[in-house]
Amino acid sequence: MKPELRSIRDKVEAGTRLTDDDALTLYRSRDLIAVGEMADLANRRKNGDRVYFIVNRHINPTNICINRCKFCAFSKSEDEPLAYTMTMEEILSRAEEAQAQKATELHIVGGLHPRLPFGFYLEMLRTLRERFPSMHIQAFTAVEIDYFAQITGLPLPEVISQLKEAGLGSLPGGGAEIFAPEVRAAICPEKIPGSRWLEVMEAVHAAGLKSNATMLYGHVESLESRVGHMRLLRELQDRTGGFQAFIPLAFHPKNTEIAKGFTTGVEDLMALAVGRLYLDNFAHIKSFWIMVGPKLAQVSLHFGVDDIDGTVVEEKITHAAGAQAGQEMGVSDLVTMIRQAGRIPVERDTLYNVVREFPAEGVRA
Ligand code: V47
Ligand code: SF4
């Protein structure tokens with residue numbers, strides 16, 4: 001182990017909170033195995049040998065978006081040929097498929113449509129709740145919630161309360177990107193500032209809803225801006241405790257306006273491991289297998305990760321930007337992946353209640 005990592009390891013062993021400098025030292029060390037071992041210790045202290053997954057289905061009702069972030073290959077303008085908006089029937093038929101596959105969660109996010117009224121989203125939630133009462137609806141990034149406040153002129157708490165009343169169960173973690181203003185100016189100048197993303201999440205947590213938090217890395221950001229991003233998340237979490245999982249998202253460059261290569265495996269594992277070590281008040285670190293690929297997602301289970309998301313079924317955002325992973329993973333593949341890593345697969349619901357625990361046998365020779 002590199003000498004500069006020894007004092008950090010002592011802190012990790014003692015359960016002492018790491019500083020921003022510590023996180024930078026970890027990132028800069030490039031000592032993947034040492035950092036991974038520490039992250040594994042930190043993770044196992046919280047989650048033991050359990051690794052979580054969920055039977056879920058992603059639905060993206062529209063790709064039309066007024067923001068047109070430079071890193072986003074998914075969004076389109078209204079007049080482009082590939083622009084789409086699903087009808088309520090199309091959304092319902094996807095939810096029906098999810099129900100047939102025993103999904104416990106619908107994950108619904110989309111673009112900021114210039115003309116769809118807030119009522120469309122309330123209606124969608126009400127209809128889904130009525131037709132599929134046992135399914136948890138995790139929907140809308142903080143960016144969409146802010147947009148609803150803008151188009152209705154309603155205060156944030158009122159928007160959230162109406163969504164909650166209509167059936168919203170929790171929020172995913174998208175739209176966070178990197179909070180630093182200079183990075184946002186370069187990659188998503190039209191998007192709400194990081195400070196507003198945090199304000200929306202604080203209001204969401206105050207309303208009693210849980211959410212996730214993401215960090216988009218591997219574009220123009222510096223390591224300092226990544227640490228600054230995580231610091232703001234850790235501070236908010238200290239105040240609210242409303243975040244469930246931290247999900248670093250690997251930037252995919254294809255069809256985007258950002259000239260950069262794909263992230264490397266070491267970069268991906270480091271983002272997850274440093275996240276586990278720095279965010280001591282987050283219960284879960286999720287490796288979204290769609291973004292890092294199923295094989296690296298499996299390896300990440302030894303680098304601080306305790307959650308590999310779920311069955312997903314239809315993923316448009318990362319695939320539009322060149323993701324090589326498939327779109328769907330069956331429960332038995334998820335279970336095998338976790339078992340082969342020597343961990344115990346646990347199917348969870350959105351709020352991390354156990355749905356099914358899979359016994360720890362069945363490892364292939
Ligand atoms: O906010 C957009 C990102 C996010 C690209 O909370 C890109 O459980 C990589 O947040 N390359 C949406 N990333 C997805 C998201 C998410 C996914 C899975 C689980 C959860 C959760 C949340 O996707 C956006 C943006 O940060 N994104 N374009 C791209 N080219
Ligand atoms: Fe719109 Fe979200 Fe894509 Fe940005 S990342 S252009 S807000 S859909």
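First listed ligand is number 1; within each ligand, the first listed atom is number 1. Values in this document were obtained by computation on a predicted structure and should not be read as measured data. Basis for what follows: all heavy atoms, side chains included, without hydrogens, waters or symmetry-related copies. Residue numbers count from 1 along this sequence.
The pair E224-R28 meets the salt-bridge criterion, since a charged nitrogen lies less than 4.0 angstrom from a carboxylate oxygen. Using a 4.0 Å cut-off between a side-chain N of Lys or Arg and a carboxylate O of Asp or Glu, R196 and E199 qualify as a salt bridge. With respect to D306 and R50, no salt bridge is recorded, no charged nitrogen being found less than 4.0 Å from a carboxylate O. The pair K46-D307 does not meet the salt-bridge criterion, since no charged nitrogen lies less than 4.0 angstrom from a carboxylate oxygen. Ion pairing between R6 and D10 fails under the 4.0 Å rule for side-chain N and carboxylate O.
If you check which protein heavy atom lies closest to atom 5 (S) of ligand 2, you get K191 NZ, 3.5 Å. Shortest contact from atom 3 (Fe) of ligand 2 to any protein heavy atom: C72 SG, 2.4 Å. Taking atom 6 (S) of ligand 2 as the reference point, the nearest protein heavy-atom neighbour is C69 N, 3.1 Å. The single protein non-hydrogen atom nearest to atom 6 (O) of ligand 1 is G173 N, 2.8 Å, given as residue, atom name and distance.
Taking the six-membered ring for Trp and thresholds of 30 and 60 degrees, Y121 and F140 have ring planes more than 60 degrees apart, a perpendicular arrangement. Aromatic ring orientation, H219 versus F71: parallel (interplanar angle below 30°, classes split at 30° and 60°). Classification of the F118-F148 ring pair by plane angle, with boundaries at 30° and 60°, yields tilted. The aromatic rings of H284 and Y352 lie parallel to each other, with less than 30° between the two planes, well short of the 60° mark. Ring pair H229/F179 is parallel by interplanar angle, where below 30° counts as parallel and above 60° as perpendicular.
Numbered from 1 in the order shown, with element, the atoms of ligand 1 that lie under 4.0 Å from a heavy atom of L216 read 7 (C), 9 (C), 13 (N). For ligand 1, the atoms lying closer than 4.0 Å to a non-hydrogen atom of K286 are 8 (O), 21 (C).
Of all the listed residues (K191, E177, K260, H252), E177 holds the heavy atom that lies closest to atom 26 (O) of ligand 1. One option in G174, A250, G310 has a heavy atom closer to atom 10 (O) of ligand 1 than any other, and that option is G174.
Between H107 and ligand 1, not a single N/O pair is under 3.5 Å apart. Annotation: T141 places no N or O atom under 3.5 Å from an N or O atom of ligand 1; distance criterion only. Close N/O approach between M291 and ligand 1 is not found [any backbone or side-chain N/O within under 3.5 Å]. Residue contacts with ligand 1: P172 is placed with no nitrogen or oxygen under 3.5 Å of a nitrogen or oxygen of the ligand (distance criterion only). Residue T318 places no N or O, backbone or side chain, under 3.5 Å from any N or O of ligand 1.
Only the side chain of F288 comes within 4.0 Å of ligand 1, judged by heavy-atom distances. Under 4.0 Å from ligand 1, the heavy atoms of I247 that appear belong solely to its side chain.
Between A73 and ligand 1 there is no heavy-atom distance shorter than 4.0 Å.
C65 lies apart from atom 3 (Fe) of ligand 2 in this respect, since none of its N, O or S atoms is found at a distance under 2.8 Å. Within the coordination shell of atom 4 (Fe) of ligand 2, defined by N, O or S atoms under 2.8 Å, C188 is absent.
Nearest heavy atoms, D309 versus H58: OD2-NE2, 4.1 Å.
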